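Working notes, structure below.
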Amino acid sequence: MANRAQIPTSNSALIAMIADEDTVVGLLMAGVGNVDLRRKTNYLIVDSKTTVKQVEDAFKEFTTRDDIAIVLISQYVANMIRFLVDSYNKPVPAILEIPSKDHPYDPAQDSVLSRVKYLFSAESVASGRR
């Protein structure tokens, strides 16, 4: 178990968000928001003026921060940076694609769900079950 990724226990781990305004505001009202001493937030509100570069930078920042355990990203935003989301393979922080109010969830595009399906299909083939 020495090679397992560890979530810091001295401080509480955060949930980061990359989503539309309604989704982020809802989660902020639930108490998920954080602003640290350097005025860094744990969220990015994506609107029509947000560039793909800004989304990429936020994703890279959130996935490299030690204090973040989960990154929630709206699926339509994840599609903007699908190459980054699909190539991300670390267990912590976990990347979870969520639906938004204006964009329904499509399980066929969810990279985590695709990996789970692949693992279960490979496992059933390896054990001789179908």
Side-chain angles (χ1 to χ4, degrees):
M1 302 250 177
N3 292 337
R4 294 188 95 175
Q6 295 294 316
I7 298 172
T9 55
S10 61
N11 297 326
S12 59
L14 300 174
I15 297 174
M17 303 162 283
I18 305 173
D20 60 282
E21 184 176 16
D22 291 338
T23 303
V24 171
V25 168
L27 290 166
L28 291 175
M29 289 173 50
V32 175
N34 183 62
V35 179
D36 65 12
L37 296 174
R38 296 170 295 166
R39 310 287 294 158
K40 290 274 190 180
T41 62
N42 65 327
Y43 58 89
L44 173 69
I45 296 175
V46 179
D47 58 17
S48 60
K49 297 175 186 163
T50 307
T51 65
V52 174
K53 175 84 168 111
Q54 289 173 309
V55 175
E56 286 177 12
D57 292 344
F59 182 82
K60 289 175 184 175
E61 177 190 344
F62 294 153
T63 55
T64 56
R65 280 178 49 178
D66 292 334
D67 60 340
I68 292 181
I70 299 171
V71 177
L72 299 177
I73 184 168
S74 289
Q75 191 174 54
Y76 83 96
V77 177
N79 288 336
M80 295 168 62
I81 58 164
R82 179 58 59 196
F83 62 97
L84 280 176
V85 174
D86 287 348
S87 65
Y88 183 80
N89 60 5
K90 296 178 184 171
V92 177
I95 308 300
L96 299 176
E97 294 181 32
I98 59 173
S100 66
K101 182 174 79 170
D102 298 326
H103 301 87
Y105 175 75
D106 181 6
Q109 295 180 349
D110 190 332
S111 62
V112 173
L113 186 59
S114 298
R115 290 177 193 170
V116 169
K117 283 182 180 179
Y118 174 76
L119 289 174
F120 279 116
S121 67
E123 184 178 288
S124 64
V125 169
S127 66
R129 287 184 262 144
R130 282 219 148 196

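Predicted model only: the values in this text are computed from it and were never measured.
Taking hydrophobic clusters as Ile, Leu, Val, Met, Phe, Trp and Tyr residues chained together by side-chain heavy-atom distances below 4.5 Å, Met29 does not share a cluster with Leu72. Both Tyr76 and Val52 belong to a single network of hydrophobic side chains, linked directly or stepwise wherever heavy atoms of I, L, V, M, F, W or Y lie under 4.5 Å apart. Cluster membership check: Val46 shares its hydrophobic cluster with Ile95, using side-chain heavy-atom separations under 4.5 Å among Ile, Leu, Val, Met, Phe, Trp and Tyr.
A 4.5 Å side-chain heavy-atom check between Met17 and Leu28 finds at least one atom pair inside the cut-off. No side-chain heavy atom of Lys40 sits under 4.5 Å from any side-chain heavy atom of Asn34. Using a 4.5 Å heavy-atom threshold, the side chains of Val55 and Val77 count as touching. Considering only heavy atoms from C-beta on, Lys90 stays 4.5 Å or farther from Thr63 through its side chain. In this structure, Ile73 and Ile18 have side chains that are in contact, with non-hydrogen atoms separated by less than 4.5 Å.
Between Ser48 atom OG and Asp20 atom CG the span is 12.0 Å, to the nearest 0.5 Å. Here the CG-CD distance, from Asp106 to Gln75, works out to 5.5 Å after rounding to the nearest 0.5 Å. Put simply, CZ on Phe62 and OG1 on Thr41 are 5.5 Å apart, with the number rounded to the nearest 0.5 Å. Within the model, atoms OG1 of Thr51 and NZ of Lys53 stand 8.0 Å from one another, a figure rounded to the nearest 0.5 Å. Atom OG1 of Thr50 sits about 7.0 Å away from atom CE of Met80, to the nearest 0.5 Å. If you take CD1 on Ile70 and CD1 on Ile15, they are separated by 4.5 Å, rounding to the nearest 0.5 Å.
Counting non-hydrogen atoms of neighbouring residues, nucleotides and ligands closer than 6.0 angstrom, the CD atom of Glu21 reaches no more than 12 such neighbours.
Looking at Ser87, its side chain does come within 3.5 Å of a backbone N or O of Phe83 through a donor-acceptor pair.
Closest approach of Leu44 to Ala58, counting heavy atoms only: CD2-CB, 3.6 Å. When every heavy atom of Pro93 is checked against every heavy atom of Ile68, the shortest pair comes out as CB-O, 3.5 Å.
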*asked:* Show, in sequence, the C-alpha distance, side-chain angles and deciding distance for Glu56 and Leu84, and conclude whether the side chain to side chain contact (heavy atoms under 4.5 Å, CB included) test is met.
replied: CA-CA 8 Å; Glu56 286 177 12; Leu84 280 176; 3.7 Å; yes
*asked:* Show, in sequence, the C-alpha distance, side-chain angles and deciding distance for Leu96 and Val71, and conclude whether the side chain to side chain contact (heavy atoms under 4.5 Å, CB included) test is met.
replied: CA-CA 6 Å; Leu96 299 176; Val71 177; over 6 Å; no
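Contact check on Asp47 versus Lys49 returns no salt bridge, with no Lys/Arg side-chain nitrogen under 4.0 Å from an Asp/Glu carboxylate oxygen.
In this structure, Tyr88 and Phe59 have perpendicular ring planes: the angle between them is above 60°, well past the 30° mark.
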